[in-house]
Peer 1: 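The structure that follows is given in the form of structure tokens.
Below, chains carry the letters A, B, ... as their sequence lines are ordered, and counting in each starts from 1.
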Number of protein chains: 2
Amino acid sequence: MSRNEINMADVAQRAGVSVATVSRALRGLPGVGEATRERILEIAEELAYVISPEASRLSGGPTRRVGVVVPAADMWFYGQMLAAIERRLRAADLDVLIYQVKDVDVRQRFFRQLPTRRKVDVVILIALPLPPEEASRLDHLGVEVVVAGGSVRDFPHVEVDDRAIARTAVAHLTGLGHERIGMIRATSYGDVHWDPDRLRLEGYQLELAAADLPQRPEYVASVPFTPEGGAEGADQLMSLPDPPTALLCFSDEIAFGALEAIRRRGLRVPEDVSVIGIDDHPLAATLGLTTVRQDVAAQGEMAAEMALLRLDHRRVEDVVMSHELVVRTSTAPPPARGTT
Amino acid sequence: MSRNEINMADVAQRAGVSVATVSRALRGLPGVGEATRERILEIAEELAYVISPEASRLSGGPTRRVGVVVPAADMWFYGQMLAAIERRLRAADLDVLIYQVKDVDVRQRFFRQLPTRRKVDVVILIALPLPPEEASRLDHLGVEVVVAGGSVRDFPHVEVDDRAIARTAVAHLTGLGHERIGMIRATSYGDVHWDPDRLRLEGYQLELAAADLPQRPEYVASVPFTPEGGAEGADQLMSLPDPPTALLCFSDEIAFGALEAIRRRGLRVPEDVSVIGIDDHPLAATLGLTTVRQDVAAQGEMAAEMALLRLDHRRVEDVVMSHELVVRTSTAPPPARGTT
DNA sequence: GATGTTAACGCAAACGTTTACGTGACCGCA
DNA sequence: TGCGGTCACGTAAACGTTTGCGTTAACATC
């Protein structure tokens, strides 16, 4: 079975042409008569012929594969990205290899060994916090690099404006009259600086300043990037002697945990405390969570699109995707002072 | 950079031997002197030589790639599986290609064209509802097949006992004294029969029978596999003239929607209605959802393990993974009759 | 009718491995 | 001394494409 694979020579023979012509016909290159091309395509289809990627690559063709490097495929954000990227690239008939590099040692090994060498045409880095020395290793890769959900060096990238997203969220809260606004940050990557976290914190601080509100360091909690983390963060902030009346959460998943923790304390959302997330996770609609929506799938598609362009060595522009405030039922004006 | 790749001939030349010897030395085959082998390994290391997978494969070696076919990488269950599989296979130095086949037409095209041919050594099918004619196409694949989260034909597989899981859940509810127990099914795949859904329904019915409770068809709602679907299903069941006092949900994600819908109706969980899910989604702990836990990551790892064994053409046994009731705060004895 | 142009193809040399087979050196033993 | 047997290695033929270059025939041009 596996040794009876049909190859180009078989197709060529059936079509009464040479393999060279078959190769050209299949890839849509010029130099093949229209009638011949159609006959070849027909025969190839009939024989269910699939080109041998190895042979193709070996003789100079592209691998028709792209590597997607992602911290963890089992987290919502990355799963969305991955799914969108795969769909777009599959449509272009490219294969997608995944590399998870969540753990520090795995990531370091990845950038030391560059296992994608000779295996892919393009590498897409998803929202990867990367120390400079590892980023510089990418030069040795010898393939195109595209970045999604952040930026790494000067590689083409698609991202959102995390600072503006946080500002939008805080502005919504100040607009409702909140003056004591807390933030729950997510810090899951121990050894490196995580841009989204830093930028959203900056946005939070900037918008507070813009609203002439004081910066209160005790209003900022750092927790692991999980719902439990969110619950923990909310507990920490709501235990303060003068607790916030509103919480900006790093993401909706964090917010889900915060919502629950607040409820457990016997407080109501939004009457006692307002909560706002970021992402627009599917559950956010169900739970009535106000959030700043970013279209993760669209970012993934865009990254895939960029990868396709780079495959043809065409220039691509960096893209900043838009975001949008989605008001639901988890935010409202603060309770009258002293009510809590 | 990309055309200066070092190849085996370079290593051979530096070592003063032929490429054949280098090939043997690198793969640990006999027929190479100890001193020679060491010298070769040293030189290869020094030159940062990486073997060309294409050339290797072309001349008879394996691809060292496995294809994972999954409905959608952006859904929790599949993301978990995928992540676990990738981690295990990466550790064995294999690459993982993903193929999403959620849409019916995409899936049909996949099984018609079998795009994994010549590209992978093993295919892992994840929880894929498959009409028989498509399953039979797999024979033409010419590679090993392993199934995770279900079973397809007689391919080696790892799964859970969906019937028993549902029975466990229902038994927990009847044990609390519930007599009016509803079920929210998830039916997202239009054209095919989805085993987990059917089996869990059967388990539900079996356990009702075992408890001498009547089968009430109006207590079973079918909804799309999303939180919104869960909300919809709960609304439907709770609107009945004689509504259930407990709901078994196809999955935790469905249950999250149900929880919220119940709250919106002004009912309390678990005082008025008990809710139980299946999976043990990360949010379940946070939200206090009672559930029947299955270890999805372990299933993925097991599937990867099976794939590795099949790579060596060793026999593997089918595996049924265990499950476990996790009681939290969403289930309690039913309210006294007539209270609602 | 000689010449140039162009489209449609075939030929054959890569591409970088793996592996069956061949060859010499060396050893042991009768 | 001669002979069979290992061992360590080299030779060269695959594997299935891509692509530069060459060839042919048809056709237009003057």
Side-chain angles (χ1 to χ4, degrees), chain A residues 1-41 43-44 47-65 93 95 117-119 121 142 311-312, chain B residues 1-41 43-44 47-65 117-121 142-143:
Chain A
M1 170 124 310
S2 55
R3 282 283 57 86
N4 294 3
E5 287 285 9
I6 291 150
N7 59 29
M8 208 175 258
D10 297 325
V11 178
Q13 192 190 349
R14 291 272 277 254
V17 296
S18 72
V19 289
T21 302
V22 174
S23 175
R24 285 186 277 252
L26 258 28
R27 283 175 311 131
L29 296 182
V32 184
E34 200 42 53
T36 313
R37 181 186 307 272
E38 276 182 23
R39 186 157 36 92
I40 290 174
L41 290 183
I43 292 176
L47 296 183
Y49 168 69
V50 278
I51 213 166
S52 158
E54 341 291 333
S56 171
R57 167 63 180 148
L58 190 54
S59 55
T63 66
R64 301 202 65 77
R65 269 175 246 139
D93 217 43
D95 284 320
R117 272 186 302 172
R118 301 187 154 205
K119 293 184 179 170
D121 300 325
L311 251 182
D312 295 342
Chain B
M1 169 122 311
S2 58
R3 280 284 56 86
N4 294 3
E5 287 286 10
I6 290 149
N7 59 30
M8 208 174 261
D10 297 327
V11 179
Q13 192 190 348
R14 291 271 276 252
V17 297
S18 72
V19 290
T21 302
V22 174
S23 175
R24 284 186 280 252
L26 290 181
R27 282 174 316 129
L29 295 182
V32 184
E34 199 43 50
T36 314
R37 182 186 306 274
E38 276 184 22
R39 185 157 35 95
I40 290 175
L41 291 181
I43 291 177
L47 296 182
Y49 168 69
V50 277
I51 213 166
S52 158
E54 341 292 333
S56 171
R57 164 62 180 152
L58 190 53
S59 54
T63 67
R64 301 202 65 76
R65 266 174 249 140
R117 274 183 305 169
R118 306 187 149 204
K119 293 183 179 171
V120 299
D121 300 325
V143 301

Peer 1: From CZ of Arg37(B) over to P of dC7(D), roughly how many Å is that when rounded to an integer?
Peer 2: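 Taking atom P of dC7(D) as the reference, CZ of Arg37(B) is at 14 Å.
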Peer 1: Under 3.5 Å, is there any donor-acceptor pair linking the side chain of Arg57(B) to the base of dG16(D)?
Peer 2: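 No.
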Peer 1: Would you kindly check whether a donor in the side chain of Ser59(A) faces an acceptor in the base of dT17(D), or vice versa, at under 3.5 angstrom?
Peer 2: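 For Ser59(A), whose side chain was compared with the base of dT17(D), there is a donor-acceptor pair (under 3.5 Å).
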Peer 1: Would you say Ser56(B) places a side-chain N or O within less than 4.0 Å of OP1 or OP2 belonging to dT18(C)?
Peer 2: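 Answer is yes, contact under 4.0 Å.
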Peer 1: Please determine, for the side chain of Asn7(A), which listed nucleotide (dA12(C), dT17(D), dT19(C)) has the closest atom?
Peer 2: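 The answer is dT17(D).
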Peer 1: Rounded to whole Å, please give me the gap between CD in Gln13(A) and P in dG16(D).
Peer 2: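 Spelled out: CD on Gln13(A) to P on dG16(D) is 14 Å.
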Peer 1: Looking only at side-chain N and O atoms, does Tyr49(A) come under 4.0 Å of OP1 or OP2 in dT17(D)?
Peer 2: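 Looking at the OP1 and OP2 atoms of dT17(D), one of them is under 4.0 Å from a side-chain N or O of Tyr49(A).
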Peer 1: At under 4.0 Å between heavy atoms, what does Gly31(A) touch on the DNA or RNA strands: base, sugar-phosphate, or nothing?
Peer 2: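 Gly31(A): base contact, heavy atoms under 4.0 Å.
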Peer 1: Do any N or O atoms from the side chain of Asp121(B) and from the backbone of Thr63(B) form a donor-acceptor pair under 3.5 angstrom?
Peer 2: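 Yes, the answer is positive, given that a donor and an acceptor are paired below the 3.5 Å cut-off.
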Peer 1: If only side-chain N and O atoms of Arg27(A) are considered, is one of them under 4.0 Å from the OP1 or OP2 phosphate oxygen of dT18(D)?
Peer 2: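 Checking dT18(D) against Arg27(A), a side-chain N or O does come within under 4.0 Å of OP1 or OP2.
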Peer 1: Scan for side chain to side chain donor-acceptor pair (under 3.5 Å) pairs involving residues 18-32 of chain A, sequence neighbours excluded, and state none if there are none.
Peer 2: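 Qualifying pairs, neighbours excluded: Ser18(A)-Thr21(A), Ser23(A)-Arg27(A).
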Peer 1: Just compare dG10(D), dT17(C), dG16(D) and give me whichever is closest to any side-chain atom of Ser52(B).
Peer 2: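 Closest nucleotide to the Ser52(B) side chain: dT17(C).
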Peer 1: Can you tell me how far P of dG16(D) sits from CD1 of Ile6(A), to the nearest Å?
Peer 2: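 Interatomic distance, CD1 of Ile6(A) to P of dG16(D): 12 Å.
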Peer 1: Could you give the CZ-to-C1' distance, from Arg24(A) to dG20(D), as a whole number of Å?
Peer 2: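 That distance rounds to 10 Å.
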Peer 1: For Arg39(B) and dA8(D), give me the distance from atom CZ to atom P, rounded to whole Å.
Peer 2: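 Atom-to-atom, Arg39(B) to dA8(D), this comes out as 14 Å.
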Peer 1: What's the closest nucleotide to the Val19(B) side chain, out of dT18(C), dC9(D), dT17(D)?
Peer 2: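 Comparing dT18(C), dC9(D), dT17(D) against the side chain of Val19(B), the answer is dT18(C).
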Peer 1: Quick check for you: among dT17(D), dC15(C), dT19(D), whose closest atom lies nearest to any side-chain atom of Leu58(A)?
Peer 2: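 Within the option list, the nearest is dC15(C).
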Peer 1: Could you check whether Gly61(B) gets within reach of a base, just the sugar-phosphate, or nothing at all, counting any heavy atom under 4.0 Å?
Peer 2: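 The answer is nothing, as Gly61(B) stays clear of every strand by at least 4.0 Å.
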Peer 1: Just by modelled atom types, is the Ser52(A) backbone N or O under 3.5 Å from a matching donor or acceptor in the Arg57(A) side chain?
Peer 2: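 No, the answer is negative, given that no donor and acceptor are paired below the 3.5 Å cut-off.
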Peer 1: Between atom CD in Glu34(B) and atom P in dA8(D), what is the gap in whole Å?
Peer 2: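 Atom-to-atom, Glu34(B) to dA8(D), this comes out as 9 Å.
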Peer 1: Select one nucleotide: of dT18(C), dC9(D), dT17(C), the one nearest the side-chain heavy atoms of Thr21(B).
Peer 2: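 Output: dC9(D).
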Peer 1: Counting only heavy atoms not in Arg39(B), do more than 12 fall under 6.0 Å of its CZ?
Peer 2: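 Atom CZ in Arg39(B) is packed in, count exceeds 12.
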Peer 1: Taking 4.0 Å as the cut-off, does a side-chain nitrogen or oxygen of Ser18(A) come that near to OP1 or OP2 on dG10(C)?
Peer 2: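 Answer is yes, contact under 4.0 Å.
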Peer 1: Whole-Å distance between dT19(C) C1' and Ile51(B) CD1?
Peer 2: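 Rounded to whole Å, this separation is 13 Å.
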Peer 1: Return whichever of Thr36(B) or Arg118(B) has its heavy-atom-nearest nucleotide of DNA chain D closer to the 5' end.
Peer 2: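 Its nearest nucleotide being more 5', the pick is Thr36(B).
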Peer 1: Taking the side chain as C-beta and beyond, is there a heavy-atom pair between Arg118(B) and Pro53(A) under 4.5 Å?
Peer 2: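 Side chain of Arg118(B) against side chain of Pro53(A), heavy atoms only: contact under 4.5 Å found.
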Peer 1: May I ask you to evaluate whether Ser23(B) reaches the phosphate of dT18(C), defined as a side-chain N or O under 4.0 Å from OP1 or OP2?
Peer 2: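 The answer is yes; a side-chain N or O of Ser23(B) sits under 4.0 Å from OP1 or OP2.
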Peer 1: From the list dG10(C), dC9(D), dT18(D), which nucleotide is the closest neighbour of the side chain of Met8(A)?
Peer 2: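 That would be dT18(D).
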Peer 1: Thinking salt bridges, do Arg65(A) and Glu54(B) make one under a 4.0 Å N-O criterion?
Peer 2: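 Looking at Arg65(A) and Glu54(B), the cut-off is met.
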Peer 1: Without decimals, in angstroms, what is the distance between Leu29(B) CG and dT17(C) P?
Peer 2: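 Distance check: Leu29(B) CG to dT17(C) P gives 15 Å.
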